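Below: one structure in structure tokens.
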Amino acid sequence: MDDLAAHARRLRLLPPSSGPVRLVAVDGHAGSGKTTFAARLATALGGAPVLHLDDLATHEELFGWTDRLRDQVLTPFSRGEPARYAPYDWTARRFGAPRTLDPASVVLIEGVGAGRAALRPSLAALLWIELDPVRSWERGRLRDGPGLTDFWDGWVVAERRHFGRDPSYPFADAVIRQGPEGYVWLEGPRVTAGKNQIITQSEE
């Protein structure tokens, strides 16, 4: 299994992507294990902050959080200032008290769509958690219980639509697979495509 500490060191060496911050996206299907992986990577990074996109989405805007992320997080970070955002309460169905997110050396953004096109110019790296979508959704349904069946039915449709229009996987720098004792860290499609392009150009 790949050592998260070694990869954390490499992430710290990346050029800043939003002001002084190296924004690292953790994307993948709902239920694939993004939150758990992000927590472990944050620990390997020495306690890096993690922004959960569930805090910016709403029942009415499952993927309509781009403007909130830009205005409340990306723009302040680009100026070297703390971000300030109001997390959404999924039970009360309203935004809660504002939170402050300091512009740390590395900040993880975790959630479905974290690698969407509108965010990629602000990212230092895009990590994709690899797990079949159907299996991911089954895990998510089991985790949340039968009370959220209707929500999950709508979510699956929305997620399919999102990734059909704005896929993240082809632009991933690394693909992460969970094994029985840890994570396997593989080169992502963007890296592989770049290598293939270099080989093609050298043959011309």
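Model, not experiment: these values are computed from the prediction.
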Checklist entry - Do other residues, nucleotides or ligands put more than 12 heavy atoms under 6.0 Å from Arg165 CZ? => result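 No - once you tally the heavy atoms of other residues, nucleotides and ligands closer than 6.0 Å, there are 12 at most.
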Item to check | Any donor-acceptor N/O pair, Ser32 side chain to Ser136 backbone, under 3.5 Å | outcome: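 No: the side chain of Ser32 does not pair with the backbone of Ser136.
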Checklist entry - Going by an N to O cut-off under 4.0 Å, is there a salt bridge joining Arg94 and Asp89? => result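 No, this pair does not count.
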Checklist entry - Has the side chain of Glu159 got a donor or acceptor atom that lies under 3.5 Å from a matching backbone atom of Ala30? => result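 Flag set: sc Glu159 to bb Ala30 pair under 3.5 Å.
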Next on the checklist: I'd like to know if the side chain of Arg22 reaches the main chain of Arg12, judged simply by a donor and an acceptor atom lying under 3.5 Å from each other, with no hydrogens or angles considered.
Outcome noted: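 Yes; at least one donor-acceptor contact below 3.5 Å.
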Checklist entry - Once you round to the nearest 0.5 Å, how far does CG of Leu53 lie from CG of Asp27? => result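 One gets 8.0 Å once the value is rounded to the nearest 0.5 Å.
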Item to check | Main-chain N/O of Arg116 paired with Asp166 side-chain donor or acceptor, under 3.5 Å | outcome: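 No, because the side chain of Asp166 does not come within donor-acceptor range (under 3.5 Å) of the backbone of Arg116.
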Checklist entry - Are Val157 and Trp155 co-members of a hydrophobic cluster defined by side-chain heavy atoms under 4.5 Å apart? => result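 No, it is not one cluster - the side chains of Trp155 and Val157 are not joined through contacts under 4.5 Å.
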Checklist entry - Side chains of Leu101 and Val107: does their closest heavy-atom pair fall under 4.5 Å? => result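 The answer is yes, as the side chains (C-beta and beyond) meet within the 4.5 Å cut-off.
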Next on the checklist: One pair to check against side-chain contact (heavy atoms from CB on, under 4.5 Å): Leu127 and Phe37. What are the steps and the verdict?
Outcome noted: CA-CA 10 Å; Leu127 313 180; Phe37 171 79; 3.9 Å; yes
Next on the checklist: Please check: side-chain N/O of Asp55 versus main-chain N/O of Tyr88, any donor-acceptor pairing under 3.5 Å?
Outcome noted: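 Pair absent, no side-chain N/O of Asp55 close to backbone of Tyr88.
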Checklist entry - Between Val156 and Trp137, which heavy-atom pair has the shortest distance, and what is it? => result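 In this case the closest contact between Val156 and Trp137 is CG1-CZ3, 3.7 Å.
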Next on the checklist: Between Ser17 (side chain only) and Leu23 (backbone N and O only), is there a donor and an acceptor less than 3.5 Å apart?
Outcome noted: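 Judged by distance alone, yes, a pair lies under 3.5 Å.
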Item to check | Atom pair CG/OG1 of Asp144 and Thr149 - distance to nearest 0.5 Å | outcome: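 Rounded to the nearest 0.5 Å, the CG-OG1 separation comes to 9.5 Å.
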Item to check | Thr58 (side chain) donor-acceptor with Glu61 (main chain) under 3.5 angstrom | outcome: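 Such a contact is found between Thr58 side chain and Glu61 backbone.
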Item to check | Check: Tyr183 and His7 side chains under 4.5 Å, non-hydrogen atoms | outcome: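 SC-SC contact between His7 and Tyr183 ruled out.
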Checklist entry - Could you give the distance from CG (Leu123) to CG (Leu74), rounded to the nearest 0.5 Å? => result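 If I round to the nearest 0.5 Å, the distance is 8.5 Å.
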Checklist entry - Under 6.0 Å between ring centres, would you say that holds for Trp65 and Tyr85? => result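 Between Tyr85 and Trp65, which both carry aromatic rings, the centre distance is not below 6.0 Å.
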Checklist entry - Taking Arg190 for the side chain and Asp173 for the main chain, is one N or O donor matched with an acceptor at less than 3.5 Å? => result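 Looks like no, no N/O pair under 3.5 Å.
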Next on the checklist: Quick check: closest heavy atoms across Pro189 and Pro170, and the distance to 0.1 Å?
Outcome noted: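 Distance-wise, the nearest heavy atoms are CB-O, 3.5 Å.
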Checklist entry - Pro103 and Gly80: which non-hydrogen atoms are nearest, and at how many Å? => result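 Where Pro103 meets Gly80 most closely, the heavy atoms are CG-O, 3.7 Å.
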Item to check | side-chain contact (heavy atoms from CB on, under 4.5 Å) assessment of Glu130 paired with Ile176 | outcome: CA-CA 6 Å; Glu130 186 175 67; Ile176 314 299; over 6 Å; no
Checklist entry - Do Asp132 and Arg139 sit within salt-bridge range, that is, some charged N less than 4.0 Å from a carboxylate O? => result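 Judged by the 4.0 Å cut-off on N to carboxylate O distance, Asp132 and Arg139 do not form a salt bridge.
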Item to check | Atom pair CG (Asp102) and CD (Glu81), whose distance is rounded to the nearest 0.5 Å | outcome: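 Rounded to the nearest 0.5 Å, the CG-CD separation comes out at 12.0 Å.
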Item to check | Exercise: identify the closest heavy-atom pair between Ala42 and Val50 | outcome: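 Closest pair (atom of Ala42, atom of Val50, distance): CB-CG2, 3.7 Å.
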Checklist entry - Does anything in residues 101-131 pair up under ring-ring contact (aromatic ring centres under 6.0 Å, His included), and if so which pairs, sequence neighbours excluded? => result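 Every ring-ring contact (aromatic ring centres under 6.0 Å, His included) pair that includes a residue of residues 101-131, provided the two are not neighbours, is His29-Trp128, Trp128-Phe163, Trp128-Tyr169.
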Item to check | Pro16 side chain reached by Val21 side chain, heavy atoms, under 4.5 Å | outcome: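 Sidechains of Pro16 and Val21: no contact.
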Item to check | Step-by-step salt bridge (charged side-chain N to carboxylate O under 4.0 Å, His left out) determination, Arg84 to Asp71 | outcome: CA-CA 9 Å; Arg84 190 169 173 81; Asp71 296 343; over 6 Å; no
Next on the checklist: Can you give me the closest heavy-atom contact between Pro76 and Pro82, atom names plus distance?
Outcome noted: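 So the two residues come closest at CB-O, 3.4 Å.
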Checklist entry - For Gly145, does its backbone N or O pair with a side-chain atom of Trp152 as donor and acceptor, under 3.5 Å? => result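 The answer is no, because no donor-acceptor pair under 3.5 Å joins these two groups.
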Checklist entry - Leu41, Leu131: one ILVMFWY side-chain cluster at the under-4.5 Å cut-off? => result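 As far as the 4.5 Å side-chain criterion goes, Leu131 and Leu41 are not connected within one cluster.
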Item to check | Side-chain touch Leu186/Arg177, heavy atoms, less than 4.5 angstrom | outcome: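 Yes, side chains in contact.
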Item to check | OG1 on Thr66 to CG on Leu119, rounded to 0.5 Å | outcome: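 It comes to 6.5 Å.
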Checklist entry - Quick one: are Arg93 and Glu60 in side-chain contact, heavy atoms under 4.5 Å? => result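 Side-chain contact under 4.5 Å: yes.
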Next on the checklist: Run the side-chain contact (heavy atoms from CB on, under 4.5 Å) test on Lys34 and Val112 for me, step by step, so that the C-alpha distance in whole Å, both residues' side-chain angles and the decisive distance to 0.1 Å come before the verdict.
Outcome noted: CA-CA 9 Å; Lys34 298 180 302 301; Val112 180; 3.7 Å; yes
Item to check | Nearest atoms (heavy-atom pairs only) where Ala86 meets Phe95 | outcome: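 Here Ala86 and Phe95 meet closest at O-CD2, 3.0 Å.
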Checklist entry - In this structure, are over 12 heavy atoms from other groups packed under 6.0 Å from Arg135 atom CZ? => result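 No, not enclosed.
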Next on the checklist: Taking the side chain as everything from C-beta on, heavy atoms only, tell me whether Leu51 gets closer than 4.5 Å to Leu108.
Outcome noted: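 Contact flag for Leu51/Leu108 side chains = no.
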Next on the checklist: Nearest 0.5 Å, please: how far is OG in Ser168 from CZ in Arg120?
Outcome noted: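 It is 6.5 Å, given to the nearest 0.5 Å.
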Checklist entry - Within a strict 4.5 Å, meaning less than it, do heavy atoms of the Glu187 and Val175 side chains meet? => result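 They are not in contact (no side-chain heavy atoms under 4.5 Å apart), so the answer is no.
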